[in-house]
Amino acid sequence: MSKQILILPGDGIGPEIMAEAVKVLELANEKYSLDFEFSHDVIGGAAIDKHGVPLADETLDRARAADAVLLGAVGGPKWDKIDRDIRPERGLLKIRAQLGLFGNLRPAILYPQLADASSLKPEIVAGLDILIVRELTGGIYFGSPRGVRELENGERQAYDTLPYSESEIRRIARVGFDMARVRGKKLCSVDKANVLASSQLWREIVEQVALDYPDVELSHMYVDNAAMQLVRAPKQFDVIVTDNLFGDILSDQASMLTGSIGMLPSASLDTNNKGMYEPCHGSAPDIAGLGIANPLATILSVSMMLRYSFSLGDAADAIEKAVSLVLDQGLRTGDIWSQGCTKVGTQEMGDAVVAALRNL
Ligand code: IPM
Ligand code: MG
């Protein structure tokens, strides 16, 4: 039976990078006879323009019915002044929550060819291979109550809430342990248990879950220390599991170790490994339409989709190999360019990956 892939390019550079990722996906579809069918829809600012909301019900229904979703990026200055409840980012948060995509995998892998593009010394990052497992449908992103209230003195006060239930912690901890088990067998749980109640429960539950994984070495780290360790000695980490907000911040930080956030893919999975795949970077409105954005994070998200939603490890490996071959050829978009390499645009980069994949 054919598998349905819903494509949501989004805003800013989203449509440009998605066009390249779709070329790669179409080639993989043909080359490996994958029997994928594609449909397209809008999300974020593009959906606000079309439907007045950042995620229309019909789009959500399509996403529910699809076997996997591939997403570009959302947001831009055009919609910055809009009411907070219908900002483009709300569409992204809604689709994550409604599809139950609680497990967000953000691998930070340094391609050896890009060691010079990292802001850290090559010896600190050489061989870097970290996986950040971010809880994606709970915590302060979704907690209620939230809002703005007026204090007795007439001043406004804004507030958010950071709730985590035992079951939410348990299921993301399991994802962390499962991933660590098939990688370097080391899991670092990042929290702020010296201050936050939610983190204290987090730590307690992670320790309970650890009893089922005696083969995985568990450590705990406060988030401020983790931020410091990530730039001091990032190779000490194998898998990091953490909450929604800490994971958002630490994954951006980890991305720069690899040269550019333009290289980082992600997978967001539900309990059955149905997933949505998107680059970790945003819609980069400052470079939208210029044809210079790096499509590799989205192309690598396609590879994660094949691996996690469809268990097509060989096809996924081939896409990653094609990306590596293109880097070997010295082709670089501006964000990963260094002296001696050839600067290319979005489309040339996509075409080069397609050519490399075709020849594999
Ligand atoms: C990410 C992004 C989103 C987030 C934004 C766009 C809402 O930064 O995927 O990391 O904070 O989760
Ligand atoms: Mg982020």
Side-chain angles (χ1 to χ4, degrees), residues 8-15 17-18 21 42-48 53-55 63 69-80 82-108 130-143 146 160-162 164 168 172 190 223 226-227 230 240-258 260-270 275-288 293-294 297-298 300-301 304-305 335:
L8 301 173
D11 311 315
I13 59 169
I17 52 174
M18 187 57 81
V42 288
I43 191 169
I48 295 174
V53 287
L55 180 67
V69 180
L70 189 61
L71 186 135
V74 298
K78 182 176 171 193
W79 307 280
D80 266 355
I82 223 154
D83 186 42
R84 191 172 59 89
D85 292 333
I86 58 157
R87 279 181 64 95
E89 291 79 4
R90 286 275 134 201
L92 182 58
L93 298 183
K94 185 171 173 188
I95 196 170
R96 287 174 178 171
Q98 293 291 317
L99 297 186
L101 306 173
F102 70 94
N104 183 216
L105 311 182
R106 299 192 161 191
I130 299 177
L131 177 67
I132 296 185
V133 177
R134 169 187 175 193
E135 199 292 324
L136 202 61
T137 53
I140 201 162
Y141 271 59
F142 295 95
R146 73 187 329 169
D160 297 276
T161 308
L162 201 179
Y164 267 110
E168 282 176 306
I172 194 68
V190 171
V223 63
L230 263 178
I240 290 175
V241 65
T242 190
D243 85 357
N244 204 342
L245 181 63
F246 300 155
D248 178 46
I249 299 167
L250 294 181
S251 60
D252 265 33
Q253 192 186 346
S255 75
M256 277 321 286
L257 307 173
T258 74
S260 166
I261 194 164
M263 294 299 297
L264 246 76
S266 81
S268 307
L269 305 173
D270 74 1
M276 182 165 84
Y277 299 83
E278 53 177 315
C280 288
H281 61 68
S283 57
D286 53 322
I287 58 163
N294 186 347
T298 317
L300 292 167
S301 299
M304 289 190 90
M305 179 175 103
D335 57 315

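Values below: every heavy atom of this structure, side chains too, minus hydrogens, waters and symmetry copies. All ligand and atom numbering here is 1-based and tracks the order in the structure.
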Taking the side chain as C-beta and beyond, is there a heavy-atom pair between [X] and [Y] under 4.5 Å?
| X | Y | result |
| --- | --- | --- |
| Leu99 | Asp270 | no |
| Val241 | Phe246 | no |
| Arg87 | Trp79 | no |
| Pro285 | Pro77 | yes |

Part of Arg106 within contact of ligand 1 (heavy atoms, under 4.0 Å)
side chain

For atom 11 (O) of ligand 1, closest protein heavy-atom neighbour:
Tyr141 OH, 2.5 Å

Just need the protein heavy atom nearest to atom 10 (O) of ligand 1, so name the residue and atom and give the distance.
Asp248 OD1, 2.9 Å

Proximal atoms of ligand 1 relative to Arg134 (non-hydrogen, under 4.0 Å)
1 (C), 4 (C), 9 (O), 10 (O), 11 (O), 12 (O)

Working for salt bridge (charged side-chain N to carboxylate O under 4.0 Å, His left out), residues Arg134 and Asp248:
CA-CA 7 Å; Arg134 169 187 175 193; Asp248 178 46; 3.7 Å; yes

Filtering Glu89, Arg90, Glu278 for the heavy atom nearest atom 6 (C) of ligand 1 leaves Glu89

Can you tell me the N, O or S atom of Asp248 that's nearest the Mg ion (ligand 2)?
OD1

Any N or O on Asp252 sitting closer than 3.5 Å to an N or O of ligand 1?
no

For side chain to side chain contact (heavy atoms under 4.5 Å, CB included), just list the numbers for Ile48 and Lys78, CA-CA rounded to whole Å, side-chain angles, deciding distance to a tenth of an Å, and then say yes or no.
CA-CA 11 Å; Ile48 295 174; Lys78 182 176 171 193; over 6 Å; no

